[in-house]
Amino acid sequence: AQSVTQLGSHVSVSEGALVLLRCNYSSSVPPYLFWYVQYPNQGLQLLLKYTSAATLVKGINGFEAEFKKSETSFHLTKPSAHMSDAAEYFCAVSGDDKIIFGKGTRLHILP
Amino acid sequence: DAGITQSPRHKVTETGTPVTLRCHQTENHRYMYWYRQDPGHGLRLIHYSYGVKDTDKGEVSDGYSVSRSKTEDFLLTLESATSSQTSVYFCAISAKVGASGSPLHFGNGTRLTVT
């Protein structure tokens with residue numbers, strides 16, 4: 001079985017500051033990991049995915065995530081936050097026919 | 001964008017009435033999913049399908065049923081709607097899951113209010 005824990009339901013950063021959103025996973029099989037973003041009143045969009053090819057994964061809009069097996073983590077980062085990054089972010093894991101999502105982290109960008 | 005259409009986009013219904021939500025895809029993907037999104041709970045899997053007439057339960061399946069008679073359509077039915085089923089419902093599709101690591105592509109959601 002798989003599960004995902006996202007640390008912090010709300011995160012606030014200043015515009016231009018580092019963005020760090022935390023995700024820890026549990027999986028009984030080698031996992032595939034994803035980050036999705038949801039803007040207000042929209043569906044979810046894929047930011048990036050880890051499928052074992054490389055531990056550092058680059059996604060859209062300047063985001064990247066690093067898979068650390070020893071820490072069972074897949075944290076999402078962006079060097080410099082932009083106002084347009086304000087959204088809700090979801091970490092997800094799959095290993096069988098299902099994809100399980102975390103509870104989400106809402107990112108607030110302070111001017 | 002993946003061709004996924006959810007209908008209706010908004011619905012208000014009364015407690016005890018049956019409700020059916022439709023998800024239609026034009027991608028010919030094998031896997032289809034229904035999630036509900038609620039504040040503080042993220043997305044929770046209701047039911048999913050891995051082929052025509054092949055479905056399975058997710059983590060919050062009580063009170064819901066699904067049907068998939070064609071590759072392109074996946075229906076979610078609330079047999080007797082309750083206020084606890086007020087939520088935003090998302091359909092998602094994928095060509096493959098599991099060992100392939102294929103991502104999900106989401107529809108724009110259906111906002112359901114049960115009064």
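Labels below follow one simple rule: chain letters A, B, ... track the order of the sequence lines, proteins then strands, and each chain is numbered from 1.
- In this structure, no portion of A:Q45 lies under 4.5 Å from any heavy atom of chain B.
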Evaluation steps, side-chain contact (heavy atoms from CB on, under 4.5 Å), between A:K103 and B:R44: CA-CA 9 Å; A:K103 294 184 177 181; B:R44 292 179 291 176; over 6 Å; no
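- Taking hydrophobic clusters as Ile, Leu, Val, Met, Phe, Trp and Tyr residues chained together by side-chain heavy-atom distances below 4.5 Å, A:I60 shares a cluster with A:L48.
- Considering only heavy atoms from C-beta on, A:I99 stays 4.5 Å or farther from B:Y48 through its side chain.
- Remark: B:R111 CZ to A:N41 CG distance equals 6.5 Å, nearest 0.5 Å.
- By the rule that hydrophobic residues join a cluster once side-chain heavy atoms approach within less than 4.5 Å of another member, A:V57 and A:L46 end up as members of separate clusters.
- For B:E59, the CD atom sits in a packed shell: over 12 heavy atoms of surrounding residues, nucleotides or ligands are nearer than 6.0 Å.
- How far CZ of A:F90 is from OH of B:Y35: 11.5 Å, rounded to the nearest 0.5 Å.
- Contact of B:Q37 with chain A is made through the side chain alone, with heavy-atom distances under 4.5 Å.
- Criterion: ILVMFWY side-chain heavy atoms under 4.5 Å apart, direct or through other members. Under it, A:F74 and A:V19 are part of a common hydrophobic cluster.
- Within the 4.5 angstrom heavy-atom criterion, no atom of A:Y50 approaches chain B.
- Per-residue counts of heavy-atom pairs under 4.5 Å with chain A were compared for B:A92, B:P103, B:P39, B:G107; the largest is that of B:P103.
- From A:K98, atom NZ reaches atom NZ of B:K57 across 13.0 Å, with rounding to the nearest 0.5 Å.
- A:F101 and A:V11 are not part of a single hydrophobic cluster, where members link through side-chain heavy atoms under 4.5 Å apart.
- In this structure, the portions of B:L43 lying under 4.5 Å from any heavy atom of chain A include both its backbone and its side chain.
- A:Q38 touches chain B through its side chain: at least one heavy atom from C-beta onward sits under 4.5 Å away, while N, CA, C and O do not.
- The main-chain N or O of B:L104 is found under 3.5 Å from a side-chain atom of A:Y36 such that the two form a donor-acceptor pair.
- Residue contact with chain B, scored on non-hydrogen atoms closer than 4.5 Å, involves the backbone and the side chain of A:L44 alike.
- By the criterion of side-chain heavy atoms lying less than 4.5 angstrom apart, applied directly or through intervening Ile, Leu, Val, Met, Phe, Trp or Tyr residues, A:V13 is grouped together with A:V37 in one hydrophobic cluster.
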